[in-house]
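Comments concern the structure below.
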Amino acid sequence: MKRVSDFTSCFVVIFSLVLTLPSCNSSGGGGFFGDNPPAGGSVIGTVAGTTVVAVNQAGEIAGSDDTEGKIPDVQGNFSFALTNIPVGQKLRLFLLTNGGIFPLYFGQPRTNVFILDQDIEVDLGFVAIVDDDYVRTVPDLAGQEGRAVPEKDPTELTEVRPGSEDASIPASLVTPDTSGLTLGELLELGFEALEDLTLLKAKTYFEAAFNLAGNSPSDDADTARIFFAVTRVGALAFD
């Protein structure tokens with residue numbers, strides 16, 4: 001497993017994250033997605049660089065794509081594609097980046113829920129994260145800060161219907177499944193979550209490692225105790 005020899009650098013990452021928390025709720029990242037649901041439609045587009053996640057009406061991950069390692073286009077943006085998106089279910093999309101979760105909103109009135117009536121491909125175009133700088137460029141989006149907005153409204157397609165807004169953050173985005181993982185695997189995933197600045201995910205992994213370690217005197221057990229204690233404090237500040 002990845003061995004962290006310098007605890008100081010990890011503490012800096014944790015507390016830097018706590019001090020620079022985004023205004024939106026929770027965090028995200030990769031590495032915790034379950035099996036894809038049955039074949040369905042697809043959602044494509046481009047982003048500045050992030051993980052794009054689709055969540056179904058049960059709050060489960062229905063599809064995801066991470067732009068890490070991809071080659072940008074001439075505008076410096078990265079393509080994403082979510083496949084096997086279920087038809088006939090209420091769906092929500094989220095951009096996960098820099099420890100923040102940004103729900104995708106579209107349409108008039110604004111909503112973040114849509115339903116595919118057929119197995120079609122939905123092209124969102126460029127998906128932007130709205131912040132103060134973006135609002136200065138697009139004043140009509142004032143009040144949408146902390147959200148993601150697509151270049152193309154998916155509900156303009158006749159095969160896509162809007163649903164009522166659901167502003168909740170799915171637990172699946174911040175509480176990964178830790179069952180069946182070894183102590184070493186939990187620590188590995190915890191450190192990966194810290195690197196991605198996904199503090200709540202990291203806390204979940206380190207808490208599971210702490211519980212699994214019990215009274216063991218091993219180095220891994222000590223590491224689990226230290227990082228669970230630190231991320232637990234950070235998660236309280238985050239909430």
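All heavy atoms count here, side chains included; hydrogens, waters and symmetry mates do not.
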To the nearest 0.5 Å, what is the distance between CZ (F206) and CZ (F191)? 4.5 Å

Side-chain cluster (under 4.5 Å, hydrophobic types only) that I71 belongs to, other residues: none

What is the minimum heavy-atom distance between S172 and I61, and which atoms define it? OG-CD1, 3.8 Å

Check step by step if side-chain contact (heavy atoms from CB on, under 4.5 Å) holds for T67 and T51. CA-CA 6 Å; T67 61; T51 299; over 6 Å; no

Strictly below 4.0 Å, N to O, side chains only: are R225 and D220 in salt-bridge contact? no

Within 45 degrees of the ring normal and closer than 6.0 Å to the centroid, is that where the cationic atom of R147 sits relative to Y105? yes

Kindly write out the residues that satisfy salt bridge (Lys or Arg N to Asp or Glu O under 4.0 Å) with D73, not counting sequence neighbours, or none if the list is empty. none

The reported gap from CZ in F80 to NZ in K70 (rounded to nearest 0.5 angstrom) is 9.0 Å

Kindly give the heavy-atom pair with the smallest separation between E145 and D131, and that separation in Å. CG-C, 4.2 Å

For the student: nearest non-hydrogen atoms of G40 and V87, plus distance: CA-CG2, 4.4 Å

Among F227, F228, Y205, whose ring-ring contact (aromatic ring centres under 6.0 Å, His included) with F210 holds? F228

Spacing of E159 atom CD and D117 atom CG [to the nearest 0.5 Å]: 8.0 Å

Residues that, via side-chain heavy atoms closer than 4.5 angstrom, fall in one hydrophobic cluster with V138: V130, Y134, V135, L141, V149

D166 with R92: basic N within carboxylate O range, under 4.0 Å: yes

Check: S42 side chain, L82 main-chain N or O, donor-acceptor pair, under 3.5 Å: no

After noting the C-alpha distance and the side-chain angles of V113 and L91, does the key distance pass the side-chain contact (heavy atoms from CB on, under 4.5 Å) rule? CA-CA 5 Å; V113 177; L91 301 166; over 6 Å; no

Shortest non-hydrogen contact from V127 toward A148: CG1-CB, 4.0 Å

dist D123:CG -> I44:CD1 (nearest 0.5 Å) comes out at 4.0 Å

